[in-house]
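Computed from a predicted model, the values in this text were never measured in an experiment.
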Amino acid sequence: MFTSKDIKVAHSMVKSGADFQNYVQELIKLGVKKYDFYVRDGHALYFGDNDYQLKTESAYTVLNIANISDKERFKHYLKNHQRGQTDYPSFCNNSAETGVLKWTVDMVKMSCTYYDKFNNKMLEEHIPAVTK
């Protein structure tokens with residue numbers, strides 16, 4: 001099964017949201033089926049076969065998650081990030097200020113779903129296949 005080191009190596013290849021599809025492909029190769037990323041402190045919970053779970057450490061100082069979510073502003077930040085216009089720390093800060101508590105990336109469904117503080121779905125996106 002995958003380890004924290006495996007996850008760190010895969011994540012180290014990500015410079016912006018433009019690299020996300022390749023990151024997902026690397027996680028699939030490792031055997032990750034799904035993961036939840038928590039914006040508040042940057043920890044994640046990865047899931048694999050046979051109920052395997054791996055929790056990563058907090059990645060940064062705790063961010064304040066806005067109580068009121070702003071889906072439209074978040075979508076603007078997300079599009080910028082996906083175009084490679086922001087780095088990952090900036091995207092996490094933007095997510096917190098627009099009320100995103102966490103996102104779930106499902107490698108089976110090939111989707112990424114963003115949730116607010118009250119576990120309401122803010123946005124769900126399909127993860128396109130990697131094109132060479």
Side-chain angles (χ1 to χ4, degrees):
M1 278 293 138
F2 49 88
T3 66
S4 290
K5 183 179 178 184
D6 296 329
I7 299 296
K8 284 180 186 175
V9 168
H11 198 263
S12 71
M13 297 177 215
V14 179
K15 303 302 176 213
S16 74
D19 303 317
F20 183 68
Q21 292 164 289
N22 291 326
Y23 175 61
V24 168
Q25 291 304 313
E26 287 301 313
L27 293 180
I28 289 170
K29 289 178 193 173
L30 293 173
V32 176
K33 301 295 183 195
K34 179 174 99 168
Y35 74 88
D36 294 326
F37 177 82
Y38 293 86
V39 175
R40 186 167 192 267
D41 66 357
H43 84 273
L45 187 56
Y46 293 83
F47 303 90
D49 287 330
N50 302 317
D51 297 323
Y52 180 77
Q53 293 184 19
L54 173 71
K55 181 180 178 185
T56 63
E57 299 293 320
S58 298
Y60 47 76
T61 306
V62 172
L63 300 175
N64 181 41
I65 308 296
N67 287 323
I68 298 173
S69 59
D70 186 340
K71 180 179 173 179
E72 293 308 311
R73 201 157 122 228
F74 171 70
K75 285 167 63 174
H76 170 76
Y77 287 139
L78 176 62
K79 292 298 176 201
N80 286 342
H81 187 61
Q82 289 171 336
R83 291 182 191 119
Q85 296 172 350
T86 57
D87 61 15
Y88 196 66
S90 297
F91 179 64
C92 291
N93 279 305
N94 294 153
S95 297
E97 77 180 50
T98 55
V100 177
L101 175 70
K102 73 171 186 173
W103 54 79
T104 298
V105 178
D106 188 320
M107 279 64 161
V108 176
K109 293 180 183 177
M110 291 303 283
S111 66
C112 183
T113 308
Y114 301 88
Y115 297 92
D116 69 11
K117 266 186 160 176
F118 307 100
N119 210 35
N120 297 312
K121 187 187 298 185
M122 291 177 63
L123 180 66
E124 183 171 18
E125 291 194 314
H126 171 74
I127 302 169
V130 175
T131 55
K132 299 281 178 178

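Asp70 has its side chain out of reach of Lys75: every pair of non-hydrogen atoms, C-beta onward, lies at least 4.5 Å apart. The side-chain heavy atoms of Tyr46 and Ile7, taken from C-beta on, include a pair separated by under 4.5 Å. Between Leu123 and Leu78 there is a side-chain heavy-atom pair separated by less than 4.5 Å.
The line from NZ of Lys55 to CG of Asp36 is 11.5 Å long, rounded to the nearest 0.5 Å. Distance check: Lys33 NZ to Leu27 CG gives 12.0 Å after rounding to the nearest 0.5 Å.
The existence of a salt bridge linking Glu125 and Lys79 is confirmed by a sub-4.0 Å separation between a basic side-chain nitrogen and an acidic carboxylate oxygen.
Listed by chain and number, the residues in a side-chain hydrogen bond (donor to acceptor under 3.5 Å, both in side chains) with Glu97 are Arg73, Tyr77 (sequence neighbours excluded).
A donor-acceptor contact closer than 3.5 angstrom links the side chains of Asp87 and Ser90.
Ring centroid separation for the pair Tyr52 and Phe2 comes in under the 6.0 Å cut-off. Taking the ring centroids of Phe37 and Tyr88, they lie under the 6.0 Å cut-off.
Judged purely by atom type and a 3.5 angstrom limit, Thr56 has no side-chain atom pairing as donor or acceptor with the backbone of His43. A donor-acceptor distance shorter than 3.5 angstrom exists from the side chain of Lys117 to the backbone of Ile65, with no hydrogens or angles considered. Between the side chain of His81 and the main chain of Thr86, a donor-acceptor pair closer than 3.5 Å is present.
Dense packing is recorded around CD of Gln53, with more than 12 heavy atoms of other residues, nucleotides or ligands lying under 6.0 Å away.
The hydrophobic cluster containing Val9 also includes Met13, under a criterion of side-chain heavy atoms closer than 4.5 Å among ILVMFWY residues, counted directly or through chains of members.
Results of the ring-ring contact (aromatic ring centres under 6.0 Å, His included) test with Trp103 over Phe74, Tyr115, Phe91 single out Phe91 as the only residue that passes.
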Practice prompt. Begin from the C-alpha positions of Ser111 and Asp106 and carry the test side chain to side chain donor-acceptor pair (under 3.5 Å) through to its verdict.
Written response: CA-CA 5 Å; Ser111 66; Asp106 188 320; 5.1 Å; no

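Counting all heavy atoms, side chain and backbone alike, Leu30 lies closest to Ala10 at CD1-CB, 4.5 Å. Nearest heavy atoms, Leu54 versus Thr3: CD2-C, 3.5 Å. Here the closest non-hydrogen pair linking Val39 and Cys92 is CG1-O, 3.5 Å. The two atoms that bring Cys112 and Val105 nearest to each other are SG-CG2, 3.8 Å, heavy atoms only.
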